[in-house]
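Heavy atoms only: backbone and side chains are in, while hydrogens, waters and symmetry mates are out. Order of the sequence lines fixes the chain letters, A, B, ..., with proteins taken first and strands second; residue numbering starts at 1 for each chain.
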Amino acid sequence: MPFTIATWNINSVRLRMPLVEQFLERYSPDVLCLQETKCADDQFPAAAFRKAGYEHMAIHGQKGYHGVATIARRPLKLVEKREFCGMGDSRHISVSVDAGAGRSVLLHNFYVPAGGDEPDPAINPKFRHKLDFLAEMHALRAEENGNSGTILVGDLNIAPLETDVWSHKQLLKVVSHTPVETEGLERLRREGGWVDLMREKIPPEEKIFTWWSYRAKDWALSDRGRRLDHIWSSPNLSPSLNRIEVLREARGWDRPSDHVPVIAGFDFG
DNA sequence: ATGGTAGTCGAACTA
């Protein structure tokens, strides 16, 4: 039984709803996890999602900033909207989603703080917040729950491998690729028992990006991207992974998000 | 070496 899940930092779901509709029509994932929805829950375009065939949704938004939402064609149950660092930010939501074949997958959707410009927690509270947030994420484990499992997706705002950025050397002191972040994220992944599903299908020698700055004159030509968006799972699910797709073309759509969708496809026998 | 763009919401904040 096929099961597909997509994650996409949409940078305003209301502004980009036409792109989301186009994406859903073309790729029809079973589940779509959005980050940076940037609207309060009563402003969320739920009717448009229903019209597109996605009747099940769990949303955790706030006015103007951040915000995550998990929407699905299959039934889901809200598990938790967890608050991190006592900040009151909407940066996490977890659901239990029917993945077919008698499976019910626990799915975490995250928007990790970007961390500001200065990679020094002593002088930059945003960077301190990012490190504290990662530390709190250690509470989540990739538990297997019998025949189902756990998936963690989202904009983690860290590019952990050298090949996750356009230039490892030039980004070593740039927030998202500093050693305290890259080593911290890898430690979080290992200690939590997570598998990096994108790197199961795309060898670590190969560069792969999911985000390109709006500030580049020509994002595709300079290709100065980073892999900030991730799909992790518990080890029991990785043998069923049959596809990873990074939708690079979405960065070239009209009025795009600066992130592109990442899709994981499973085949649960 | 700096500034470059895109959101929200109507100035200044975040990314």
Side-chain angles (χ1 to χ4, degrees), chain A residues 7-21 23 33-45 48 59-69 83-92 109-121 123-134 153-160 164-167 169-178 180-182 185 209-230 247-262:
Chain A
T7 180
W8 194 6
N9 177 319
I10 197 62
N11 188 16
S12 174
V13 67
R14 289 176 296 171
L15 191 68
R16 260 173 270 286
M17 201 56 204
L19 290 189
V20 175
E21 286 163 344
F23 169 74
C33 295
L34 295 171
Q35 303 87 34
E36 280 207 89
T37 51
K38 292 190 172 177
C39 64
D41 291 352
D42 60 2
Q43 306 261 43
F44 191 82
I59 57 183
H60 186 194
Q62 68 182 84
K63 185 179 174 180
Y65 303 102
H66 322 314
V68 291
E83 184 185 340
F84 285 77
C85 306
M87 300 275 291
D89 286 352
S90 299
R91 296 181 178 275
H92 165 268
N109 178 0
F110 271 102
Y111 175 50
V112 172
D117 288 332
E118 182 55 59
D120 180 351
I123 61 173
N124 176 8
K126 292 182 195 168
F127 197 69
R128 174 81 270 158
H129 178 211
K130 186 176 196 175
L131 300 182
D132 291 345
F133 195 101
L134 284 180
V153 308
D155 176 4
L156 305 186
N157 264 316
I158 297 173
D164 291 336
V165 292
W166 63 276
S167 168
K169 280 190 180 167
Q170 289 182 78
L171 289 176
L172 270 169
K173 292 181 177 172
V174 173
V175 170
S176 74
H177 195 62
T178 64
V180 66
E181 294 169 88
T182 58
L185 190 71
F209 310 141
T210 65
W211 171 91
W212 293 261
S213 173
Y214 281 127
R215 297 174 187 174
K217 280 193 179 73
D218 184 333
W219 71 273
L221 183 66
S222 55
D223 200 20
R224 295 186 167 188
R226 305 177 200 169
R227 182 171 73 114
L228 303 179
D229 302 275
H230 299 269
L247 219 61
R248 182 185 166 102
E249 64 171 69
R251 185 62 179 78
W253 291 349
D254 189 42
R255 295 204 78 189
S257 169
D258 46 354
H259 296 251
V260 299
V262 183

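Using a 4.5 Å cut-off on side-chain heavy atoms (C-beta onward), A:P113 and A:N157 make no contact. The shortest side-chain heavy-atom distance between A:W253 and A:R16 does not fall under the 4.5 Å cut-off.
B:dG10 and B:dT14 have their C1' atoms separated by 16 Å, with the value rounded to a whole Å. As rounded to the nearest Å, B:dG4 and B:dA15 have C1' atoms that lie 14 Å from one another.
Atom pair A:K126:NZ and B:dA12:C1' shows a separation of 11 Å (rounding to whole Å applied). Atom CZ of A:R251 and atom P of B:dT5 are 13 Å apart (whole Å). A:W253 places its CH2 atom 18 Å from the C1' atom of B:dA6, with the value rounded to the nearest Å. Rounded to whole Å, atom C1' of B:dG7 lies 15 Å from atom NZ of A:K63. With rounding to whole Å, A:K38 atom NZ is found 3 Å from B:dG7 atom C1'. Rounded to an integer number of Å, the gap from CH2 of A:W211 to P of B:dT5 is 14 Å. Put simply, CG on A:D229 is 13 Å from C1' on B:dA15, counting in whole angstrom units. The separation between A:H177 atom NE2 and B:dA15 atom P is 20 Å, rounded to whole Å.
Counting only heavy atoms from C-beta on, A:R14 has its side chain closest to B:dT8 among B:dT8, B:dG7, B:dA15. Comparing B:dG4, B:dC13, B:dA6 by their closest approach to the side chain of A:R215 singles out B:dG4. Listed nucleotides B:dA6, B:dA15, B:dT14 differ in distance to A:Y111; the shortest reach to its side chain belongs to B:dA15. With B:dG7, B:dT5, B:dT14 as the choices, the nucleotide that has an atom nearest any side-chain atom of A:R255 turns out to be B:dG7.
A:K217 comes within contact range of no nucleotide atom at all, as no heavy-atom separation falls under 4.0 Å. Nucleic acid contact class of A:R224 (heavy atoms, under 4.0 Å, all strands): none.
A:L228 and A:S176 make their closest contact through CD2-CB, 4.0 Å (heavy atoms, listed as atom of the first residue, atom of the second, distance). Across every non-hydrogen atom of A:V175 and A:K130, the tightest pair is CG1-NZ, 3.8 Å. Taking each heavy atom of A:P256 and A:Y214 in turn, the nearest pair found is O-OH, 2.9 Å.
For the pair A:A216 and A:S12, nearest-nucleotide mapping onto DNA chain B gives the more 5' position to A:A216. Projected onto DNA chain B by closest heavy-atom contact, A:R91 and A:N11 fall at different nucleotides, the more 5' of which corresponds to A:N11.
Residue A:D218 qualifies as enclosed at atom CG: its count of foreign heavy atoms under 6.0 Å is above 12.
Looking at residues two or more places apart in sequence or on another chain, you find no side-chain hydrogen bond (donor to acceptor under 3.5 Å, both in side chains) involving A:R251.
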Tabulated below should be each protein N or O lying under 3.5 Å from an N or O of nucleotides 1-3 of chain B; please produce it.
none

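Between A:F133 and A:F110, the angle of the ring planes goes over 60°, which puts this pair in the perpendicular group of the 30/60° scheme.
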